[in-house]
Number of protein chains: 2
Amino acid sequence: MARPKFADADFLDAALAIAAERGPLAVTIGSITERLKAPVGSFYHRFASRDVLLGELWLRTVLEFQQGISAALDAGDGLGAALHTPAWVRGHLDEACLLLLYHRDDFVQGGWPSSLRDGVAAQTARMEGGFARFARLVFGRSGRDELRRAQFLLAEMPVGAVRQHLLRREPPPPIVDELIRITYRAVVDDYHASRSR
Amino acid sequence: MARPKFADADFLDAALAIAAERGPLAVTIGSITERLKAPVGSFYHRFASRDVLLGELWLRTVLEFQQGISAALDAGDGLGAALHTPAWVRGHLDEACLLLLYHRDDFVQGGWPSSLRDGVAAQTARMEGGFARFARLVFGRSGRDELRRAQFLLAEMPVGAVRQHLLRREPPPPIVDELIRITYRAVVDDYHASRSR
DNA sequence: ATCGTTCTAGAATAATTATTCTAGACGGAT
DNA sequence: ATCCGTCTAGAATAATTATTCTAGAACGAT
């Protein structure tokens, strides 16, 4: 037996597959090591605890997801940012199940490990920053009402539209993009119409 | 000590409170009996298992929620059906957390108890029937596209709009109803516009 | 008053999991 | 050739939970 029979990413990937199939609760040290045919010692050699593993998995996934939205906002494409959700889901079914079907806190059993606190806080900040950027881009300012609409158009509504398909583990059909487009236009138009009243 | 020191509903209510506060996972026989100061024997005297208790809780809650939507549809009020979600949430914060923040299967650990299978199947049928009724009411027919839009307007979108407020356990503000109204009108109008093209 | 059913009461049991611990293998540096 | 740090290996430990079991109390019917 040589040195590296397994890699850190192997454990993360196994956890991802299990979480996507049977939910975060089914991710146990036992189910991971069984799937990988690795001894539990090898697991604990790399990760301090189950919470650290699952926390890292969630973080790595959410950061990847957010990047696409950031890119669309950088390009000044508000609608593209809203449509990023169905697009990303199509290319990352497992990751999407993880991210969009569960809460952050369904993963860690105890609180968040202190080693990940900063990462989580940074993630939250980046997300709120994204809403604010979107609000300024599309509405011209980022007050309470604008931020609320941004969150609806960028997160709540697209995730809702995609959810049932994730539950069936199937890629969202084109009608989903259509619904997002319709809603996007309506909320943006309504905003500007109400401003000029 | 007399006969009925506790009622069945006491256990269900305790479970509801715990689930709303700390999630369905925190609902253990221990946490229930501790909150109620009841012995575990009294619990098992009434419920065959934890899964039966939580299954019944979910079922009783979802049926109550659905009634309001059915009533609106009976009255021919499609928009009212869509707005039922925020309205109901305001009057039933705990129940709403239970229903809208988690999946059905987050409650039962094993499969659904056979005693509840029929109830769950009936619930699903009623829900799908509701979508079909809505589709016929608002779109005039209930084909694939119409059903998809019905589900979006009646379930996915309103639930999405309400979710962040539930996470903070606060009643959804008026802007939520406004967003639902805007989206409702846009999706309905788009449908009829696309038909006449 | 006695009996049986319905409950209360909580200790005992079992199963599942995370985590820790002890042993030993490999391969490069000395 | 020996030694050491990095890993593999999996048994042992501990904690948490659901569930079962045994005892006994209260009330209504007889």
Side-chain angles (χ1 to χ4, degrees), chain A residues 1-19 21-58 102 105-116, chain B residues 1-19 21-58 102 105-116:
Chain A
M1 310 289 158
R3 282 291 192 43
K5 195 164 171 182
F6 310 99
D8 290 20
D10 291 339
F11 291 91
L12 288 166
D13 292 341
L16 167 63
I18 295 166
E21 275 169 28
R22 300 186 285 140
L25 218 80
V27 180
T28 67
I29 311 301
S31 67
I32 291 173
T33 54
E34 183 187 22
R35 171 180 281 255
L36 227 51
K37 279 161 191 11
V40 302
S42 292
F43 173 84
Y44 279 97
H45 182 69
R46 291 155 216 277
F47 299 93
S49 69
R50 174 186 182 277
D51 283 353
V52 167
L53 169 87
L54 280 169
E56 282 186 12
L57 176 60
W58 185 84
Y102 303 95
D105 302 343
D106 290 339
F107 293 86
V108 295
Q109 293 283 46
W112 276 77
S114 55
S115 59
L116 298 178
Chain B
M1 310 291 160
R3 284 291 191 44
K5 196 166 171 184
F6 310 98
D8 290 19
D10 291 339
F11 290 91
L12 287 166
D13 292 341
L16 167 63
I18 294 166
E21 274 169 28
R22 301 186 284 139
L25 219 80
V27 180
T28 66
I29 311 301
S31 67
I32 292 173
T33 54
E34 182 186 24
R35 172 181 279 254
L36 228 49
K37 278 159 193 6
V40 302
S42 292
F43 173 85
Y44 279 97
H45 182 69
R46 291 157 217 278
F47 298 92
S49 70
R50 176 186 180 275
D51 282 353
V52 166
L53 169 88
L54 280 170
E56 281 185 13
L57 177 61
W58 185 85
Y102 303 95
D105 302 342
D106 291 338
F107 293 86
V108 294
Q109 293 282 48
W112 277 78
S114 54
S115 60
L116 299 178

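So that the names make sense, note that chain A is the first sequence line, chain B the second, and so on, each numbered from 1. Worth knowing before you read on, the calculation uses all heavy atoms, side chains too, and leaves out hydrogens, waters and symmetry mates.
If you take CD of A/Glu34 and P of C/dA18, they are 13 Å apart, rounded to a whole angstrom. Look at CZ on A/Phe6: it is 13 Å from P on D/dC7, rounded to the nearest Å. Going from atom CD1 of B/Ile32 over to atom C1' of D/dT17 covers 12 Å, rounded to whole Å. To the nearest angstrom, P of C/dC7 lies 15 Å from CZ of B/Phe43. Atom CD in B/Gln109 sits roughly 11 Å away from atom P in D/dT17 (whole-Å rounding). Atom pair B/His45:NE2 and C/dT8:C1' shows a separation of 9 Å (rounding to whole Å applied). The distance between atom CD1 of B/Ile29 and atom C1' of C/dA11, rounded to the nearest whole Å, is 16 Å. Atom OH of B/Tyr44 is separated from atom P of C/dT8 by 16 Å (rounded to the nearest Å).
B/Phe47 meets the ring-ring contact (aromatic ring centres under 6.0 Å, His included) test with B/Phe43; sequence neighbours excluded.
B/Arg35 and B/Ala17 get closest at one heavy-atom pair: NH1-CB, 3.5 Å.
The distance from the CG atom of A/Asp8 to the NE2 atom of A/His45 is 8.5 Å, given to the nearest 0.5 Å. To the nearest 0.5 Å, atom CZ of residue A/Phe11 and atom CD1 of residue A/Ile32 are 8.0 Å apart.
Listed nucleotides D/dT20, D/dG10, C/dA18 differ in distance to B/Val40; the shortest reach to its side chain belongs to D/dT20.
Contact annotation: B/Arg50 does not reach the phosphate of D/dT16 (side-chain N/O to OP1 or OP2, under 4.0 Å). Between B/Lys5 and C/dA9, a side-chain N or O to OP1/OP2 separation shorter than 4.0 Å is present.
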